[in-house]
Amino acid sequence: MKRNMIAGNWKMNMLRHEASELTQNIISGVAALTHDIDILLAPPYTSLDIVRELLNNTEIKLAAQDVFWEDRGAYTGEISPAMLIDAGCEWTIIGHSERRGILGETDSVVRKKIKASLEDGLNVIVCVGETLEQREEGKTIQIVTSQVESALKDLELNDMASFVIAYEPIWAIGTGKNATPEEAEHVHATIREITGNIFGQDSELIRIIYGGSVNVDNIEELINMDNIDGALIGGAGLNADSFVSIVKIAGE
Ligand code: 13P
């Protein structure tokens, strides 16, 4: 059975004491709910240990926001899949548009990171999405298709549930604008078709989640779409009440 997923990407926010407080409030908020949903928190590296400790004995999973593709060696500043697993992460985000855009991460770098993570047993959320300019030029499907095909190239996927694709239109991230549920569904259905062509029927178990200004007011309509299996939350995930409300609505 495929479970919907709600993941909070904290980006470069939260000092350790803030991360601790937010995590505790999320844990107690979620504990009061009955839900059947995977919940992930992706704090910055500097708070992974603190959040890990708080999440012990809960069902909430820990995720990193990025990873490197080698296991060890002379790569100053980088963190390997093995190190993330050692720090208690089960998941990592890869290829977020902020990394692609600000740090110049290419499709081939994204592919190396996916491969290295899965090989080490770290589950992956890979992000794809078009810019506003690309959308206005009518290139959304073309761009997303090429990002997804590149991410999946030569990939051996033994466990479809360990691989999540997040569609995050760049123009909707942190802007308060979001794709209409129909616009998002159209792209998700295209992604579903690509994964189906590559992995066959089992690929139904790959979750395709939506990100970009998701909040308590729009989650319900989004999650009700056939091919939207959850959400990757930025800003609204920095507030425990709104994150917990999103989990509640998505999990009902
Ligand atoms: P916002 O929810 O702040 O738009 O961020 C979305 C995002 O980038 C999640 O990874």
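Indexing begins at 1, ligand by ligand and atom by atom, following the structure's order.
Using bins of under 30°, 30° to 60° and over 60° for the plane-to-plane angle, the ring pair H188/Y167 lands in the perpendicular bin.
A salt bridge is defined here as a Lys NZ or Arg NE, NH1 or NH2 lying under 4.0 Å from an Asp or Glu carboxylate O, and R16 with D49 meets this definition. Note on D66 versus K113: salt bridge recorded, some NZ/NE/NH1/NH2 to OD/OE distance being below 4.0 Å.
The environment of NZ in K248 is sparse: at most 12 heavy-atom neighbours from other residues, nucleotides or ligands sit within 6.0 Å.
Using a 4.5 Å heavy-atom cutoff, the side chains of R100 and D107 are in contact.
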What pairs of donor and acceptor atoms, side-chain ones from residues 28-35 against any protein atom, are under 3.5 angstrom apart with sequence neighbours left out?
from: S28; atom 1: OG; to: Q24; atom 2: O; distance (Å): 3.2
from: S28; atom 1: OG; to: N25; atom 2: O; distance (Å): 3.3
from: H35; atom 1: ND1; to: I37; atom 2: N; distance (Å): 3.4

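Residues lining ligand 1 at a heavy-atom distance below 4.0 Å are given as N9, K11, H96, E168, A172, I173, G174, G212, S213, L232, G234, G235, ordered by chain and residue number.
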